[in-house]
Q: 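The structure that follows is given in the form of structure tokens.
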Amino acid sequence: QVQLVESGGGLVQTGDSLRLSCAASGRTIGSFALGWFRQAPGKEREVVAAISRSGRVTYYADSVKGRFTISRDSVKNKLYLQMNSLKPEDTAVYYCAATSPQYIGSPGRKENDYDYWGQGTQVTVSS
């Protein structure tokens, strides 16, 4: 079992930056592949970025490629999402997620690749 808690969301203006953090407890994040998802009002939850257990392989949705960076710190047991050049369409609740320790393969892009979820943090980008 692992517990995930996101932080770092807020209200920003177009073009600003934010860094989201996801603190893990219960187990070391080295056991898991990790991802960030988001859900905008009236829309389905979608993957934003994902990172392999080793940290060497990453995936980004086309909509954030070149603007967002996912990273993990095994010492601090945290997952991060650096978000630059934010746009109003990035407004959503952002969730971090972890796979089971048995997960094998490239960073998961689907919700059902993940077994553990945080409660979410709101990001609002004003125009």
Side-chain angles (χ1 to χ4, degrees):
Q1 286 276 357
V2 64
Q3 292 77 44
L4 304 171
V5 179
E6 302 94 337
S7 61
L11 172 63
V12 297
Q13 295 184 333
T14 298
D16 285 350
S17 297
L18 274 178
R19 187 175 81 155
L20 303 184
S21 298
C22 175
S25 61
R27 289 189 69 166
T28 174
I29 62 170
S31 303
F32 307 92
L34 302 164
W36 285 99
F37 287 72
R38 67 186 181 188
Q39 187 168 22
K43 295 187 177 181
E44 294 186 351
R45 190 154 55 181
E46 62 177 3
V47 66
V48 175
I51 188 167
S52 64
R53 188 177 288 111
S54 68
R56 289 193 289 268
V57 182
T58 56
Y59 165 80
Y60 295 95
D62 287 343
S63 58
V64 307
K65 204 172 292 183
R67 300 187 298 123
F68 289 12
T69 303
I70 188 171
S71 62
R72 58 193 298 161
D73 186 330
S74 296
V75 173
K76 295 183 178 179
N77 220 33
K78 285 188 173 181
L79 174 71
Y80 300 102
L81 185 68
Q82 177 67 43
M83 305 186 296
N84 298 329
S85 302
L86 282 162
K87 305 175 181 180
E89 50 264 44
D90 295 318
T91 295
V93 177
Y94 283 72
Y95 300 89
C96 67
T99 64
S100 77
Q102 290 75 37
Y103 179 86
I104 297 174
S106 56
R109 305 179 186 186
K110 305 186 299 293
E111 285 190 66
N112 61 11
D113 289 331
Y114 296 86
D115 291 273
Y116 305 101
W117 294 83
Q119 82 291 347
T121 185
Q122 176 71 47
V123 172
T124 303
V125 185
S126 65
S127 57

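Any value given below was found using the heavy atoms of this structure, including those in side chains, with hydrogens, waters and symmetry copies removed. Keep in mind that what you see is a predicted model, and the values were worked out from it rather than measured.
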Q: Should we say atom CD of Q3 is surrounded by more than 12 heavy atoms from elsewhere, each under 6.0 Å from it?
A: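 Yes - once you tally the heavy atoms of other residues, nucleotides and ligands closer than 6.0 Å, there are more than 12.
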Q: Linking directly or through intermediates, with side-chain heavy atoms under 4.5 Å: list the remaining ILVMFWY members grouped with V12, chain and number order.
A: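 The other cluster members (ILVMFWY side chains, heavy atoms under 4.5 Å, direct or chained) are V2, L4, L18, L20, I29, F32, L34, W36, V48, I51, Y60, V64, F68, I70, L79, L81, M83, L86, Y94, Y116, V123, V125.
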Q: Side chain of E6, backbone of Q119: donor and acceptor closer than 3.5 Å?
A: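 It does hold such a pair.
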Q: State, yes or no, whether a side-chain contact exists between P101 and R27 at a heavy-atom distance under 4.5 Å.
A: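 Contact flag for P101/R27 side chains = yes.
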Q: Any pair with a residue in residues 33-43 that passes salt bridge (Lys or Arg N to Asp or Glu O under 4.0 Å), sequence neighbours left out, goes on the list, sorted by first then second residue, please.
A: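 For residues 33-43: R38-E46, R38-D90.
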Q: Centre of Y103's six-membered ring, under 6.0 Å away, within 45 degrees of the axis: is that where NZ or CZ of R53 sits?
A: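 Output no; distance or angle outside limits.
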Q: What pair of heavy atoms forms the shortest contact from A50 to G108, and how long is it?
A: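 Closest approach of A50 to G108: CB-O, 3.4 Å.
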Q: Any donor and acceptor pair, going by atom type alone, linking the side chain of S74 with main-chain N or O of N77 inside 3.5 Å?
A: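 No.
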Q: Do T14 and P88 come within less than 4.5 Å of each other through their side chains, counting heavy atoms only?
A: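 A side-chain contact exists here, since the closest heavy-atom pair is under 4.5 Å.
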Q: Rounded to the nearest 0.5 Å, what separation is found between the CZ atom of R72 and the OG atom of S52?
A: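 Spacing of CZ (R72) from OG (S52) equals 7.0 Å.
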Q: Just by distance, do the side chain of Q82 and the backbone of T69 share a donor-acceptor pair under 3.5 Å?
A: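 No, the answer is negative, given that no donor and acceptor are paired below the 3.5 Å cut-off.
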Q: Would you check if the side chain of D73 reaches a backbone N or O of K78 as a donor-acceptor pair within less than 3.5 Å?
A: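 No, D73 side chain to K78 backbone: no donor-acceptor pair under 3.5 Å.
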Q: Give, for atom NZ of K87 and atom OG of S127, the distance between the pair rounded to the nearest 0.5 Å.
A: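 Answer for the NZ-OG pair, K87 versus S127, is 14.0 Å.
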Q: What residues form a ring pair (Phe, Tyr, Trp, His ring centres under 6.0 Å) with Y114, not counting sequence neighbours?
A: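 Y114 satisfies ring pair (Phe, Tyr, Trp, His ring centres under 6.0 Å) with F37 once adjacent residues are dropped.
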